[in-house]
Amino acid sequence: MCGRFSLKEAEVRKVAVRFRATVDARLSAEPMRPRYNIAPTQNVLAVRMEGEERILGSLKWGLVPSWAKDASVGNQMTNARAETVRERLAYRQLFRTRRCLVPCDAFYEWTGERAAKQPYAFARADGALFAIAGLWDAWSDPQSGSVLETVTLITTQPNAMVSVIHDRMPAILREADEEAWLTDTPDAAAALLRPFGGEMRSWPVSRRLNSARFDDASLIAPVRVSEQPELF
DNA sequence: CCAGACGTTGTT
DNA sequence: GTCTGG
DNA sequence: CCAGACGTTGTT
DNA sequence: GTCTGG
């Protein structure tokens with residue numbers, strides 16, 4: 001699945017250039033830092049269409065559908081399966097109208113038992129930014145009236161490299177397909193949700209990554225699995 | 001018609 | 001075992 | 001995704 | 001909000 005990822009690029013402006021997007025006015029005030037351990041419930045950057053324009057903004061990871069009675073359902077909706085996303089009632093409509101791109105430079109998958117969960121990082125071979133396919137929605141809090149914008153990340157079958165570690169991976173779009181994901185028909189968009197075919201590399205990383213309260217550069221450094229100390 | 005659901009992962 | 005929080 | 005909590009009463 | 005099941 002896709003339950004953690006990194007985005008080391010802290011310059012929102014640079015991310016916006018890569019995705020040919022305009023920075024959302026609400027983002028300018030938010031200071032950014034490099035992120036190595038982005039977890040569900042946290043805010044992530046996302047590119048959405050607003051009319052003819054791509055807007056780079058911030059969404060909370062964990063979809064809260066517009067019809068939800070309260071925001072807690074978002075905890076259970078961090079991912080949507082590519083194989084069924086067009087059937088599922090909670091996602092069907094969003095697939096037609098609210099697709100987005102989530103910028104990322106590595107994602108993590110785990111192997112092993114609960115007592116010794118070992119994470120691995122996966123990145124493009126060239127280290128470049130890429131986009132995970134997402135769906136977003138806006139939810140109005142009936143109490144306060146404030147609007148919460150949220151996102152879910154689509155998962156698909158693993159490619160050869162990821163399948164060694166895990167049986168799911170995020171739906172990564174080729175750069176050439178990003179425009180179609182944002183603007184083309186649902187049928188055309190659905191055809192883009194395939195296991196990533198580009199060259200990737202992977203390496204084991206620190207088990208400190210397991211705890212979402214850690215977030216520093218050491219988390220993405222390669223480790224030797226056999227030499228990791230007990231940490232919890 | 002109304003009521004009730006609307007999700008994924010991993011683990012067993 | 002299952003849910004919540006990060 | 002994983003980690004950590006999972007509870008109430010009364011008193012400070 | 002929208003769909004499914006009864």
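Bear in mind the structure is a predicted one, so any value in this text is a computation, not a measurement. Lettering follows sequence order; numbering is per chain, from 1.
Classification of A/Arg208 and A/Asp216 as a salt-bridged pair holds, one side-chain N sitting under 4.0 Å from a carboxylate O. A salt bridge does not link A/Arg18 to A/Glu9: none of the charged side-chain nitrogens sits closer than 4.0 Å to a carboxylate oxygen.
Residue ring and base: A/Trp67 does not count as stacked with E/dT2 (centre distance below 5.5 Å and interplanar angle below 30° not both satisfied).
Nucleic acid contact class of A/Asn37 (heavy atoms, under 4.0 Å, all strands): none. Residue contacts for A/Tyr108: at a heavy-atom cut-off of 4.0 Å it reaches no nucleic acid atom on any strand shown. As judged by a 4.0 angstrom heavy-atom cut-off over every strand, A/Ala68 is placed among residues making no nucleic acid contact. Residue contacts for A/Arg168: at a heavy-atom cut-off of 4.0 Å it reaches the sugar-phosphate backbone alone, with no base atom in range. Within the nucleic acid shown, A/Thr41 comes within 4.0 Å of at least one base atom, counting heavy atoms only. Residue contacts shown for A/Thr84 are limited to sugar-phosphate atoms, with no base heavy atom under 4.0 Å away. Across all strands, A/Arg4 comes closer than 4.0 Å to base atoms (heavy-atom distances). Counting non-hydrogen atoms under 4.0 angstrom, A/Ala212 reaches a base of the nucleic acid. Across all strands shown, A/Thr152 has no heavy atoms under 4.0 Å from either base or sugar-phosphate atoms.
The distance from atom CD of A/Glu87 to atom P of B/dG7 is 10 Å, rounded to the nearest whole Å. One atom, CD of A/Gln93, and another, P of E/dC3, lie 7 Å apart when rounded to the nearest Å. Summarising the geometry, the separation between CD1 on A/Ile154 and C1' on B/dT8 is reported as 13 Å, rounded to the nearest angstrom. Following rounding to the nearest Å, A/Gln157 (CD) and B/dT8 (P) show an atom-to-atom distance of 14 Å. We find that CZ of A/Phe214 is positioned 12 Å from C1' of D/dC2, with the value rounded to whole Å. Rounded to an integer number of Å, the gap from A/Leu63 CG to B/dA5 P is 19 Å. The nearest whole Å value for the distance from the CG atom in A/Asn75 to the P atom in C/dT4 is 7 Å. Across the protein-nucleic acid pair, A/Gln42 atom CD and C/dT4 atom C1' stand 14 Å apart, rounded to whole Å.
Comparing B/dG7, C/dT2, C/dG6 by their closest approach to the side chain of A/Met77 singles out B/dG7. Of the listed nucleotides (D/dC2, E/dC3, B/dT8), D/dC2 has the atom at the smallest distance from the side chain of A/Trp110. Here the side chain of A/Arg114 is nearest to one of E/dG1, D/dG4, C/dT4, namely D/dG4. Among the nucleotides C/dT2, C/dG6, B/dG7, the one closest to any side-chain atom of A/Pro40 is C/dG6. Checked against C/dG6, D/dA3, B/dT8, the side chain of A/Ala39 finds its nearest nucleotide in C/dG6. Out of D/dG4, B/dC6, D/dC2, the shortest distance to the side chain of A/Asn210 is found at D/dC2.
Under the 3.5 Å distance criterion, with hydrogens and angles disregarded, a donor-acceptor pair is assigned to the side chains of A/Thr155 and A/Arg168. No side-chain donor from either of A/Arg98 and A/Gln93 sits under 3.5 Å from a side-chain acceptor of the other. With 3.5 Å as the limit, one finds no donor-acceptor pair spanning the side chains of A/Thr185 and A/Asp187. For the residue pair A/Thr22 / A/Glu53, a side-chain donor-acceptor distance below 3.5 Å is found, with atom types taken as modelled.
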Practice prompt. Would you check, one step at a time, whether the test ring pair (Phe, Tyr, Trp, His ring centres under 6.0 Å) holds for A/Phe95 with A/Trp181?
Written response: CA-CA 10 Å; A/Phe95 194 92; A/Trp181 176 253; 5.5 Å; yes

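The separation of B/dT12 from D/dA3, taken at their P atoms, amounts to 15 Å, rounded to a whole angstrom. Taking atom C1' in both D/dT8 and B/dA5, one finds a spacing of 35 Å when rounded to whole Å. C/dC3 sits 24 Å from D/dT9 when the P atoms are compared, rounded to a whole Å.
Within a 6.0 Å sphere centred on CD of A/Glu11, heavy atoms belonging to other residues, nucleotides or ligands number more than 12. The local environment of CD in A/Glu179 is crowded, with over 12 non-hydrogen atoms from other residues, nucleotides or ligands closer than 6.0 Å.
Listed pair A/Lys117 / B/dT11 meets the phosphate criterion, a side-chain N or O lying under 4.0 Å from OP1 or OP2. Of the side-chain N and O atoms in A/Arg88, none sit less than 4.0 angstrom from OP1 or OP2 of B/dA5.
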Worksheet item: So what does the secondary structure string of DNA chain C come out as, 5' to 3', with Watson-Crick or wobble pairs under 3.5 angstrom, [ ] for crossing and | for pairs with another strand?
Response: ||||||

